[in-house]
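Okay, structure first, notes after.
Along the sequence shown, residues are numbered consecutively beginning with 1. All values below come from the heavy atoms of this structure, side chains included, with hydrogens, waters and symmetry mates left out. Just follow the structure's listing: the first ligand is 1, and inside any ligand the first atom is 1.
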Amino acid sequence: MYVLGLEGTAHTIGSSIVTDSGEILSKVSKTYKEKEGIHPREAANHHASHVIKTIKRSIDRANIKKENIDVVAFSQGPGLGPCLRTTATAARSLSLSLSVPLVGVNHCIAHLEIGRLRTEAENPILLYVSGGNTQVIAFSKGRYRVFGETLDIGLGNMLDKFGREKGMPFPAGPLIEEKAKQGEKLVDLPYSVKGMDVEFSGIMTAALNKDAPLQDLCYSLQETTFAMLTEVTERALAHVRKDEVLLGGGVVQNKRLQSMIETMTKERGANWYVPEAEYCVDNPAMIAWTGHLMYDSGTSISVEESNIKQKFRTDEVEVTWR
Ligand code: ATP
Ligand code: FE2
C-alpha cells in the first residue's frame with residue numbers, strides 16, 4: 001500500500017509517499033520564508049501555488065504512478081486556518097480524483113509517530129518543542145494525552161521574538177545557541193512552571209529588561225527554559241511510568257537541551273531519542289506515516305468530515321493503531 005501525505009499546518013507545504021513497511025519513498029517540501037514570524041494568508045498563498053508541483057514531484061521521486069496511490073492523508077490540524085484550508089482542499093481533490101480514501105492526521109501525534117518510526121523508541125514520552133508548539137505528550141489509556149504544555153507561546157517563537165528584539169535574523173534559535181556558548185553568568189530570570197505547564201512570555205520580557213551582555217542573556221534564557229522543560233518531562237515520565245523520552249520539533253536540535261534531557265534520563269535509568277533533523281521539523285513523511293497507521297487500523301474520513309481543526313486537540317484522536 002502507498003500512502004501519500006500532505007503537511008501544511010504552518011510555513012511548510014510538503015508531500016511524501018510511504019509504504020507499509022515504513023519506507024519513505026519520497027519527501028518533497030517547500031517552505032515559505034519570512035523575515036519575521038508568519039503571515040497566515042501569505043503562507044497559504046505560497047502553499048496554493050506550490051502544492052500541485054510538490055505532489056507531482058513526490059510521486060515522480062517515489063517512482064510510482066498516481067494511480068498506485070491507495071490513500072491520501074493530510075494534516076487536519078492544529079495550525080493556521082488559511083494554511084490548513086489550502087492543504088485540505090488539495091487533499092480532498094486528490095482523494096476524489098483518484099477515488100481513494102482520505103485520512104485526517106493530527107500534526108502533533110504525527111511528530112510522535114515519525115519519531116517512533118525513525119528511532120528505537122517504542123512507547124515514549126514526546127517532548128515536542130517547535131516554533132508554535134510546546135507540549136509533553138504520551139500514550140495513556142487508549143489516547144495520546146498532553147501532560148504539560150505552554151500556556152502562552154511556543155518556545156521557538158519566544159526565542160525568535162527575543163532574537164528579533166536583539167537584532168538577530170530569523171530564526172534566532174540556532175544563533176542564540178551559539179551565543180549562549182560564550183555565556184558565563186546566569187542572569188536571574190523567572191522560572192515559570194505551573195503544575196505541569198510552562199510559560200515563556202514573562203521570561204522573555206524579563207530578559208529584555210535586564211542590562212546584561214547578550215551572551216549571558218542567551219545562556220540564561222536557555223538554562224532557564226530548558227530546565228523547565230526537563231522538569232516537566234521528568235515528572236511526566238514518573239507519572240505514566242515510562243522509560244523513554246523522544247524529542248521532536250525544531251528547538252530540540254539544540255545541543256544544550258539534548259544534554260539536559262540526557263542527564264535527566266540517565267539519572268532515571270531511562271533512554272532518550274531524537275530523530276534526524278529533517279524528521280524533527282515539520283515534514284510530510286510524518287503525515288503520510290501516521291495516515292498509514294490510521295488507515296491500516298480502520299480509520300478514514302469522508303469529504304464531509306474533513307473540515308480543518310485549527311485547535312485540533314491531541315486527546316481528541318481515537319488511537320486505533322496501538
Ligand atoms: P510548528 O511545528 O509549531 O508549526 P514551526 O514549524 O515554526 O512550528 P519548527 O520548524 O519545528 O517549528 O522549528 C522552528 C523553530 O525552531 C524556530 O523557532 C527556531 O528558532 C527553532 N530552532 C531551530 N534550531 C534551534 C536551536 N538550535 N536552538 C533553539 N531553537 C532552534
Ligand atoms: Fe510541527
Side-chain angles (χ1 to χ4, degrees), residues 5-14 29-40 43-44 46-47 75-84 87 105-115 126-135 137 146 149-150 152-166 168-181 183 200 204 218-226 229 246-261 274-287 289-290 310-312 314:
L6 289 181
E7 158 62 29
T9 56
H11 52 53
T12 297
I13 182 75
S29 290
K30 196 102 180 105
T31 298
Y32 173 60
K33 298 218 165 60
E34 303 152 271
K35 292 193 195 78
E36 304 183 350
I38 181 161
H39 190 291
H46 164 271
H47 295 355
S75 53
Q76 201 172 3
L80 305 169
C83 300
L84 290 171
T87 310
V105 174
N106 177 292
H107 175 94
C108 305
I109 291 179
H111 273 289
L112 195 148
E113 289 300 348
I114 196 72
L126 172 73
L127 173 59
Y128 168 37
V129 197
S130 64
N133 292 293
T134 300
Q135 291 188 333
I137 302 170
V146 178
E149 64 190 321
T150 178
D152 47 30
I153 55 176
L155 180 53
N157 285 355
M158 186 273 248
L159 295 172
D160 295 337
K161 274 190 189 173
F162 173 83
R164 187 165 75 216
E165 294 293 328
K166 294 290 181 186
M168 293 178 183
F170 178 84
L175 301 162
I176 291 175
E177 177 172 17
E178 274 318 296
K179 272 271 166 224
K181 288 180 185 157
F200 297 119
M204 182 187 76
C218 292
Y219 170 69
S220 309
L221 267 186
Q222 288 198 168
E223 293 303 302
T224 306
T225 57
F226 295 170
L229 294 178
L246 174 70
L247 302 180
V251 180
V252 306
Q253 284 160 76
N254 189 295
K255 292 286 183 284
R256 180 59 185 139
L257 176 57
Q258 292 185 6
S259 97
M260 279 198 203
I261 293 292
V274 61
E276 306 100 302
E278 64 200 281
Y279 297 109
C280 275
V281 297
D282 291 352
N283 67 89
M286 70 184 195
I287 302 299
W289 177 240
T290 309
Q310 282 189 66
K311 304 233 181 291
F312 198 173
T314 303

Quick one: which ligand 1 atoms are inside 4.0 Å of a heavy atom on [X]?
X	result
Asn133	1 (P), 3 (O)
Ala10	4 (O)
Pro171	19 (C), 20 (O)
Gly132	1 (P), 3 (O), 8 (O)
His107	2 (O)

Distance-minimising heavy-atom pair for [X] and [Y]:
X	Y	value
His47	Gly8	CD2-O, 4.3 Å
Thr134	Leu155	OG1-N, 3.0 Å
Phe226	Val251	CE2-CG1, 4.4 Å
Ile153	Phe200	O-CD1, 3.2 Å
Ala10	Cys83	O-SG, 3.4 Å
Pro284	Ser29	CD-OG, 3.3 Å

Q) Met168 versus Cys218: any side-chain heavy-atom pair under 4.5 Å? A)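 Met168 reaches Cys218 side chain to side chain.
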Does some side-chain heavy atom of Thr12 sit less than 4.5 Å from a side-chain heavy atom of Asn283?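 No, their side chains stay 4.5 Å or more apart.
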Can you tell me which portion of [X] lies within the under-4.0 Å heavy-atom range of ligand 1? Options are side chain, backbone, both, or neither.
X	result
Lys255	neither
Asn254	both
Phe162	neither

Identify the closest protein heavy atom to [atom]: which residue and atom is it, and at what distance?
atom	value
atom 23 (C) of ligand 1	Gly250 O, 3.5 Å
atom 7 (O) of ligand 1	His11 NE2, 3.3 Å
atom 21 (C) of ligand 1	Val251 CG2, 3.8 Å
atom 27 (N) of ligand 1	Glu177 OE1, 2.7 Å
atom 2 (O) of ligand 1	Asp282 OD1, 2.9 Å

(Q) His111 versus ligand 1: do any nitrogen or oxygen atoms come within less than 3.5 Å of each other? (A)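 In fact, backbone or side chain, His111 has no N or O that close.
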### Query
Hey, does Gly173 come in under 3.5 Å of ligand 1, counting only N/O atoms on both sides?
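Yes - when backbone and side-chain N and O of Gly173 are compared with those of ligand 1, one distance drops under 3.5 Å.
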Keeping the roles fixed (side chain from [X], backbone from [Y]), state whether a donor-acceptor pair exists under 3.5 Å.
X	Y	result
Gln76	Phe312	no
Gln253	Gly250	yes
Gln258	Val252	yes

Q) Strictly under 2.8 Å, is any N, O or S atom of His107 next to the Fe ion (ligand 2)? A)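 Yes, within the cut-off.
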| task | Look at Tyr128 and state whether any of its N, O or S atoms is less than 2.8 Å from the Fe ion (ligand 2). | result |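 Short answer: yes, at least one N, O or S atom is under the cut-off.
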Just to be sure I'm reading this right: ignoring hydrogens, which of [options] gets closest to [atom]? Compare them by their nearest heavy atoms.
atom	options	value
atom 3 (O) of ligand 1	Cys280, Ser130, Ser75	Ser130
atom 18 (O) of ligand 1	Thr225, Asp160, Leu80	Asp160
atom 24 (N) of ligand 1	Gly156, Ala277, Pro174, Gly131	Pro174

Quiz item: Which value, rounded to the nearest 0.5 Å, describes the distance between Thr314 atom OG1 and Asn106 atom CG?
Solution: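 Output value for this atom pair is 5.0 Å.
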Side-chain donor-acceptor pair present, His107, Asp282, cut-off under 3.5 Å:
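There is such a pair between these side chains.
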Inset, instruction - Could you grab the angle centred on the Fe ion (ligand 2), going from NE2 in His111 to OD1 in Asp282, to 10°? - result: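 Answer comes to 100°, rounded to 10°.
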Min heavy-atom dist Gly249 to ligand 1 below 4.0 Å: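 So Gly249 counts as touching ligand 1.
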